[in-house]
Chemist: 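Just dropping this structure here.
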Number of protein chains: 2
Amino acid sequence: MDQRHVQALKQAGMKATPKRLAILDMLDGESSFASPEELWKRLRDRFERLGLPTVYRNLEELAASGVITKVIHPNRQLYYFFCGNREHHHHFVCLNCRKVEDIPSCGIEALEREVSGKTGGKVLSHILQLNGLCGGCLEKGENK
Amino acid sequence: MDQRHVQALKQAGMKATPKRLAILDMLDGESSFASPEELWKRLRDRFERLGLPTVYRNLEELAASGVITKVIHPNRQLYYFFCGNREHHHHFVCLNCRKVEDIPSCGIEALEREVSGKTGGKVLSHILQLNGLCGGCLEKGENK
DNA sequence: ATTCTAAAACGAAATCATTTCCATTTAGGA
DNA sequence: TCCTAAATGGAAATGATTTCGTTTTAGAAT
């Protein structure tokens, strides 16, 4: 039982249930970037009973309280991952192994200036995600 | 019948059917940014019979051949819009009136350098969308 | 103008990710 | 140990999107 995760849940005002911790462990470990169904399939063996709605619910709650991060993939499915970085940043996702790297700067300030100069508008939110192949997968030639 | 649109369809190797043209007209006019269902509802009156699957199919085909552009909204629904700009660029979408502005630069080159320097990885694609309020809506105080 | 054929459209039904509902179980403070 | 709000199960609902087999149509060829 990873105390860091218990701690994170406490801070978020959520009970540290075994299933929640298992989900966090999964996201903080091997399955760093996964869809609700993928996580469910991988966790089913560990629990006699584990409903898919529970996984959805927990992922959504964890994302809402900022413990994990949610992204919308181009295929329109939801994916979640654990990310301890509390600063504003974005992510580079390896299309092969799904490893996620933080991208601290996003140059959004320049774009905001461009928008306000061009249309007088105001940027309230933005979506930025980089997809590609990480160094490891490039070396191995794994271009799945 | 807008000849520009007929032309665009021809170039894409698609037949210029009345329904397709109506969809394009809609996207190039009043409903510049709309979901499949919204377009369907607005076009139903003009045609005795118009199936929702037809709207979906056409939007997908038009997007595939680059005549229109598809984006995933934060609410996870699909939206499409007409965009004549053939250069690489991104979009600023007004959350109130849904007007779409092109953002020619996206600063992706700097981020690509960052990724390759940090992890040795390679960026293959990226998603960037700015959401906010356009100048007009800001003035009118329409912060729906 | 008529014929012909591949492309387009129909609409009902299927699909499939996600959510809801409500009865049951459980974490963790009292 | 008890208690209560929070968490979970599982079946069923939801709702966007797609599939299927059939019918219609655009537009090239005659």
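A, B, ... follow the sequence lines: proteins, then strands. Residue 1 opens every chain.
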Chemist: Starting from C1' on C:dT26, measure out to CG on A:Asn58 and report it in whole angstrom.
Modeler: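 After rounding, the gap between these two atoms is 13 Å.
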Chemist: For residues A:Ala12 and A:Val67, report the shortest heavy-atom separation together with the two atoms involved.
Modeler: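 Taking every non-hydrogen atom into account, CB-CG2, 4.0 Å.
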Chemist: Are B:Leu27 and B:Leu59 close enough, and set up right, to give a side-chain contact (heavy atoms from CB on, under 4.5 Å), and what steps lead you there?
Modeler: CA-CA 10 Å; B:Leu27 286 180; B:Leu59 288 171; 4.0 Å; yes
Chemist: Atom CZ of A:Arg57 to atom C1' of C:dT25: distance rounded to whole Å?
Modeler: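 Taking CZ of A:Arg57 and C1' of C:dT25, I get 12 Å after rounding.
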Chemist: Closest to the A:Thr17 side chain: D:dT8, D:dG10, C:dA9?
Modeler: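 Nearest to the side-chain atoms of A:Thr17, counting from C-beta on, is D:dT8.
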Chemist: Over how many whole Å does the gap from B:Phe47 atom CZ to D:dT25 atom P extend?
Modeler: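 After rounding, the reported distance stands at 12 Å.
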Chemist: Looking at the side chain of B:Ala16, which of C:dA27, D:dG27, D:dG10 is the nearest nucleotide?
Modeler: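 For the B:Ala16 side chain, the nearest candidate turns out to be D:dG27.
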Chemist: Which sits closer to the 5' end of DNA chain D, B:Leu52 or A:Thr54, going by the nucleotide each is nearest to?
Modeler: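 Of the two residues, A:Thr54 wins.
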Chemist: Are B:Lys19 and D:dA26 close enough that a side-chain N or O sits under 4.0 Å from OP1 or OP2?
Modeler: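 No, because none of the side-chain N or O atoms of B:Lys19 sits under 4.0 Å from OP1 or OP2 of D:dA26.
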Chemist: If you count the non-hydrogen atoms of other residues, nucleotides and ligands that lie under 6.0 Å from NZ in A:Lys122, is the total more than 12?
Modeler: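 Atom NZ in A:Lys122 is not crowded, with 12 or fewer foreign heavy atoms closer than 6.0 Å.
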Chemist: Check the distance between D:dA28's C1' and B:Lys15's NZ and give it to me in whole angstrom.
Modeler: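 Spelled out: NZ on B:Lys15 to C1' on D:dA28 is 9 Å.
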Chemist: Just the rounded figure in Å: distance from C1' of C:dA17 to NZ of A:Lys41.
Modeler: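 After rounding, the gap between these two atoms is 12 Å.
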Chemist: Starting at the 5' end of DNA chain D, which residue's closest nucleotide do you reach first, A:Val55 or B:Pro53?
Modeler: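 By nearest-heavy-atom nucleotide position, the 5'-most residue is A:Val55.
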Chemist: In whole angstrom, give the distance that lies between atom OH of B:Tyr56 and atom P of C:dG11.
Modeler: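 One finds 16 Å between P of C:dG11 and OH of B:Tyr56, rounded.
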Chemist: Rounded to the nearest angstrom, tell me the gap between atom CG in B:Leu50 and atom C1' in C:dA8.
Modeler: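 Going from B:Leu50 (CG) to C:dA8 (C1'), I get 12 Å.
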Chemist: Take the protein atom CD of B:Glu60 and the nucleotide atom C1' of C:dA8, then report the distance between them rounded to whole Å.
Modeler: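 After rounding, the gap between these two atoms is 16 Å.
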Chemist: For A:Leu50 and A:Lys19, run side-chain contact (heavy atoms from CB on, under 4.5 Å): C-alpha distance rounded to whole Å, both residues' side-chain angles, the deciding distance at 0.1 Å, then the answer.
Modeler: CA-CA 8 Å; A:Leu50 173 63; A:Lys19 286 163 189 177; 3.8 Å; yes
